[in-house]
Each structure stands twice: as C-alpha cells, then as structure tokens.
J.: 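First the structure, which I've put down as structure tokens, then a few questions once you've had a look.
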Amino acid sequence: MRMEPVRDGFFDRPTLELAQALLGMLLVCVTEEGAAAGRIVETEAYIGPEDRAAHSYGNRRTPRTEVMFGPPGRAYVYVMHTHSLFNVTSGKEGKPEAVLVRAVEPVLGLELMRARRGPVKRPYDLTNGPGKLTKALGITKADYGRPLTAPPLFIAQGRPAEAVACGPRIGIEGSGEARFYPWRFWEAGNPYVSGGRGAAARE
DNA sequence: AAGTGGATTGGCT
DNA sequence: GCCAATCCACTTG
C-alpha cells in the first residue's frame, strides 16, 4: 500500500472545500510502537474570527490557538476533558481557520489501535469519534504544530469519498447562530461516522 | 492564585 | 438520557 504524503499545496484551498477534500484521505501516524492509519470519514470546518464556535473567534490569539494563525496544513491538537482532538490548520497565514477530524475508518495498524483503545463494544467504536481516533492512532499534544506533509504525522491519498453529506456541527450548542451552520461533512453511509450507530442511522 | 468551562467519552439509570 | 471523570487554557482577582 502506498502512503505518500500529500504536497503542501493540498491544503491551500478554502476551508469549507478542504473539509470536504479531506474526506477519503488517509491520516497516518508513526510512533515507536508502529504505524497506524485511518481513512477520514467525518470532518468539521471552523472558520476564523467570524465563527463563534471556533477557538479563534474574534481573532483570539493565545498560545493554544497560535498554530491556526500560521500556514495551512499543520496539526492543531488540543485537550478536551480527558481526550486529545486533532485538527488540520487551514486558511492562509494570518487567517485562523481549521478542520476538525471527527472520525476515521481503520486502514493500517488495526492491532495497534485495538491495543491502544482497549475493548470496544462494536467494531466501529474503535475510531468513530474525535477523541477515539487520536487515541487509536497515537496522536498527542506533542504533535501540536507539526506539518502534515511528512512523517511522523501526515495526510496521504486514499479512496475518495463516494457520497458526501453535510449538516450542523456537533457539541457547540453555546455558540449562538453558529450552531446551525452546516459545516460538518461526512461520507454518507459509512459506519465509522460518529454518533454510535454509524451514519446509516441518521440518513 | 483560584475559578470556570468545554469542538468528549463511557458507564449507569 | 444523565453525569462524572479529569485536564488545562484562559480569565479574573
């Protein structure tokens, strides 16, 4: 299986387009334990100063959001409760935008992912959520700021998504009107989409 | 120096 | 469906 990192130019496109372009792509993480990769099946766009749900709302520039103000195609990892969440930075230098990866479908390193995650009730529970996939792939805050065009953490070409659906983002109820923006994208029918019962249950 | 609040998950009622 | 777990960035005093 070929897993060549994408070129830097892959990330140079509007964030709503990048969020959809990432569907079907592979997220690859190499650690001392080995390599693991998942095919991205669900994403959410967070678009800079105007998006109340974004950490960079109002151009809020802090040590945490700093990477979003840099060039696109870097890892923005932050801790939410007990879990790490992984984003791809987007938007040109100075534009603090990002795409959250919410779910992947395991492609490589299945045993490693199982060992990291422990027992799960159903196969798709392994990577069907933003906190789950980082644990399965081995992504941590140490990856903050890494360019996604070379090991140990990178995006590679995968099997393109066949049908893309969109809808409101998850978990941002306190964000006013922004909660209704249809900036969540997923591959229709894919069981690894977050929500517990796979995409099929909501379509 | 202390308080607040999540872009979540998993277990229990 | 509800809620605790448990971390830390950020705000306020």
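A, B, ... follow the sequence lines: proteins, then strands. Residue 1 opens every chain. Please read all numbers here as calculations on a predicted model, not as lab measurements.
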J.: To the nearest Å, give me how far apart CD1 (Ile170(A)) and P (dA7(B)) are.
T.: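 Rounding to the nearest Å, CD1 of Ile170(A) and P of dA7(B) are 13 Å apart.
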J.: May I ask you to verify if any side-chain N or O of His55(A) is less than 4.0 angstrom from the OP1 or OP2 atom of dA7(B)?
T.: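 Looking at the OP1 and OP2 atoms of dA7(B), one of them is under 4.0 Å from a side-chain N or O of His55(A).
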J.: Whole angstrom is fine here: how far is it from CD in Glu66(A) over to P in dA9(C)?
T.: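 In whole Å, dA9(C) P and Glu66(A) CD are 14 Å from each other.
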J.: Between Arg184(A) and Glu42(A), is there a salt bridge with N-O shorter than 4.0 Å?
T.: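 Judged by the 4.0 Å cut-off on N to carboxylate O distance, Glu42(A) and Arg184(A) do form a salt bridge.
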J.: Is the side chain of Arg52(A) donor-acceptor paired with the backbone N or O of Ala178(A) at a distance under 3.5 Å, no angle test?
T.: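 Judged by distance alone, no pair lies under 3.5 Å.
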J.: Determine if His81(A) stacks with dT8(B); use a centre-to-centre distance below 5.5 Å and an interplanar angle below 30° as the criteria.
T.: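 Yes; centroid distance and tilt both under limits.
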J.: Measure from the ring centre of Tyr78(A) to the centre of the six-membered ring in the base of dA9(C), then say whether that distance is under 5.5 Å and the planes meet at under 30°.
T.: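 Base of dA9(C): not stacked against Tyr78(A).
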J.: Considering heavy-atom distances to DNA chain B, does Ile172(A) or Val120(A) have its closest nucleotide positioned more toward the 5' end?
T.: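 Looking at DNA chain B, the more 5' nearest nucleotide goes with Ile172(A).
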J.: If you check every side-chain atom of Asn87(A), which of dT9(B), dT6(C), dA7(B) has the closest atom?
T.: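 Of dT9(B), dT6(C), dA7(B), dA7(B) is nearest to the side chain of Asn87(A).
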J.: So Leu100(A), base contact, sugar-phosphate only, or nothing? Heavy-atom distance under 4.0 Å.
T.: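 Result for Leu100(A) = base.
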J.: What distance separates Glu105(A) CD from Glu187(A) CD, expressed to the nearest 0.5 Å?
T.: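 Taking CD in Glu105(A) and CD in Glu187(A), the distance rounds to 7.0 Å.
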J.: Of the options dT9(B), dG6(B), dT6(C), whose atoms approach the side-chain atoms of Thr82(A) most closely?
T.: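 Of dT9(B), dG6(B), dT6(C), dT6(C) is nearest to the side chain of Thr82(A).
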J.: Could you tell me the separation between the CG atom of Leu126(A) and the P atom of dG10(B), rounded to a whole number of Å?
T.: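 So the two atoms are 10 Å apart, to the nearest Å.
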J.: Looking at dT11(C), I'd like to know if its phosphate oxygens (OP1 or OP2) sit under 4.0 Å from a side-chain N or O belonging to Arg60(A).
T.: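 Affirmative; the distance criterion is met.
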J.: Rounding to an integer number of Å, can you tell me how far Tyr46(A) OH sits from dG6(B) P?
T.: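 In whole Å, dG6(B) P lies 13 Å from Tyr46(A) OH.
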J.: Any base atoms under 4.0 Å from Arg169(A), or only sugar-phosphate, or nothing? Heavy atoms, all strands.
T.: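 No contact.
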J.: Whole angstroms only, please: what is the CZ-P distance between Arg184(A) and dT8(B)?
T.: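 About 11 Å, once rounded to whole Å.
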J.: Looking at dA9(C), I'd like to know if its phosphate oxygens (OP1 or OP2) sit under 4.0 Å from a side-chain N or O belonging to Lys141(A).
T.: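 Indeed, a polar side-chain atom of Lys141(A) lies that close.
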J.: Within the structure, does a side-chain N or O atom of Arg117(A) lie under 4.0 Å from either OP1 or OP2 of dG10(B)?
T.: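 Indeed, a polar side-chain atom of Arg117(A) lies that close.
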J.: Whole-Å distance between dC7(C) P and Leu85(A) CG?
T.: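 My rounded result for the distance is 16 Å.
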J.: Determine, for Tyr46(A) and Arg169(A), whether the Lys NZ or Arg CZ falls below 6.0 Å from the six-membered ring centre while staying within 45 degrees of the axis.
T.: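 Positive - Arg169(A) is close enough to the ring of Tyr46(A) and near enough to its axis.
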J.: Which base, if any, makes a Watson-Crick or G-U wobble pair with dA7(B), both distances under 3.5 Å?
T.: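 Answer to the pairing question: none, since dA7(B) forms no Watson-Crick or G-U pair.
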J.: Please confirm whether the shortest side-chain N or O distance from Lys121(A) to OP1 or OP2 of dG10(B) is below 4.0 Å.
T.: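 No, outside the criterion.
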J.: More 5' along DNA chain C: Arg64(A) or His83(A), using each one's nearest nucleotide?
T.: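 Checking each residue's closest nucleotide, the 5'-ward one belongs to His83(A).
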J.: For the residue pair Gly91(A) and Thr15(A), what are the closest heavy atoms and their distance?
T.: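 For Gly91(A) versus Thr15(A), the nearest heavy atoms are N-OG1, 4.0 Å.
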J.: How close or far is atom P of dA7(B) from atom CD of Glu44(A), stated in whole angstroms?
T.: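 Answer to the nearest Å: 11 Å.
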J.: Send over the distance from Tyr57(A) OH to dG6(B) C1', rounded to a whole Å.
T.: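 After rounding, the reported distance stands at 17 Å.
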J.: Check each of Leu133(A), Val88(A), Leu26(A), Leu27(A) against Ile40(A) using the side chain to side chain contact (heavy atoms under 4.5 Å, CB included) test, and report the only one that passes.
T.: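 Going through Leu133(A), Val88(A), Leu26(A), Leu27(A) one by one, the side chain to side chain contact (heavy atoms under 4.5 Å, CB included) with Ile40(A) is satisfied by Leu27(A) alone.
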J.: Return the pairing partner of dT6(C) with a 3.5 Å limit on both distances, Watson-Crick or G-U wobble; otherwise return none.
T.: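 Base-paired to nothing in any strand shown.
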